[in-house]
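Report on the following structure.
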Amino acid sequence: MQYEGVLRKMQTEVGSPIQYYMTFENDFLNVNQVLNKTLKINFVKHQCLNCGNDRPIYRQGFCRTCFFEIPTAGDWIMRPELSTAHLNKEDRDLEYEKKVQLQPHIVYLANSSNIKVGVTRKTQVPTRWIDQGAHEAIEIVEVPNRYLAGITEVALKDHVGDKTAWRKMLTNSTKDENLIEWRDKLKPFIPKEAQEYFISSNSETHLDFPVLRYPEKVNSLNLSKTPNFEGVLKGIKGQYLIFEDNTVFNVRSNEGNFIRLGIL
């Protein structure tokens, strides 16, 4: 069985365990169904997710030119506190920025490798948590725009981390923290503009990933250095495929690479 196409982040469906799908232009694969099977990944070419040209991918699946020009790659994507649509101020495309920034956003706490704070659009719950490999998460603030979520995250980063240690997440070397206790502990540090949006009573969301065996250590597959790879799939967590030989493949960081995928 063979699939081919440009890589995009895997789509997910909440379940026990979570269901993962690789989507191509004319086909899709339920990745859970190929656990314990041998996968062959062959790099073919680059294909920018915006212009479609065969140019080296710079970031987020885009070539360098597109990354610095298109509205979907503005700085406010990675740094929500830089959002300006609420001021009617354009970064690259005000209409697009209003559409994305002026909608409900969630500030959350998650247990992935360790406790972390993060921001996502409300419509992306729990997808964002799944993509980060968080096995537990809780919403702590729901605000009406991205800017308020961003300044809240910045304030809370002084007291809790905002990064996932991906190696620990993939080896399941996690430290579980009580998210409800942390939610209440962090309340005084929420900026006054967002205090009224604090969520005082809710429970944790628990997520179950389809992993048959966690690796003891991880070796990351880089298609630029290793364009042809073959291995037995043992798990899926976050946006990573986990193989029997401790190789891990980050699908999301390889967006924009056109591959052939064989299943033996």
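Treat the numbers as computed from the prediction; the structure is a model and nothing was measured.
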Hey, can you pull the donor-acceptor pairs under 3.5 Å for the side chains in residues 206-221, sequence neighbours left out?
from   : atom 1 : to     : atom 2 : distance (Å)
His206 : ND1    : Glu136 : OE2    : 3.3
Asp208 : OD2    : Ser16  : OG     : 3.0
Arg213 : NH2    : Glu244 : O      : 2.6

Without placing hydrogens or testing angles, list every side-chain donor-acceptor pair under 3.5 Å for residues 31-46, not counting sequence neighbours.
from  : atom 1 : to     : atom 2 : distance (Å)
Asn32 : OD1    : Tyr20  : N      : 2.8
Asn32 : ND2    : Ile18  : O      : 2.9
Asn36 : OD1    : Lys234 : NZ     : 2.6
Asn42 : ND2    : Asn228 : OD1    : 2.7
His46 : ND1    : Asn257 : OD1    : 3.1

Using a 3.5 Å distance criterion without hydrogens, assess whether the side chain of Glu177 forms a donor-acceptor pair with backbone atoms of Asn111. no
Could you tell me whether the side chain of Arg183 and the main chain of Asn202 form a donor-acceptor pair under 3.5 Å? yes
How about Ile236 and Met10: do any of their side-chain heavy atoms sit closer than 4.5 Å? yes
Geometric class of the Phe229/Phe243 ring pair [parallel <30°, tilted 30-60°, perpendicular >60°]: perpendicular
Suppose clustering is done on Ile, Leu, Val, Met, Phe, Trp and Tyr with side-chain heavy atoms closer than 4.5 Å. Which residues sit in the same group as Val154? none
Closest non-hydrogen contact found for Val119 with His105 is CG1-CD2, 4.1 Å
Between Tyr58 and Phe68, what is the ring plane arrangement, given parallel below 30°, perpendicular above 60°, and tilted in between? tilted
Report the C-alpha distance between Glu4 and Arg260 in whole Å, list the side-chain angles of each, state the deciding distance to 0.1 Å, and finish with yes or no for salt bridge (Lys or Arg N to Asp or Glu O under 4.0 Å). CA-CA 4 Å; Glu4 68 173 35; Arg260 289 194 184 93; 3.1 Å; yes
Find out whether Asn145 and Gln101 are in side-chain contact, i.e. whether some heavy atom of one side chain is under 4.5 Å from a heavy atom of the other. no
Between the side chain of Lys237 and the main-chain N/O of Met169, is any donor-acceptor distance below 3.5 Å? yes
Looking at every non-hydrogen atom in both residues, tell me the closest pair between Pro71 and Asp93 and how far apart they are. CB-CB, 3.7 Å
Is it the case that the side chains of His135 and Asn172 hold a donor-acceptor pair, with the cut-off being a distance below 3.5 Å and no angle test? no
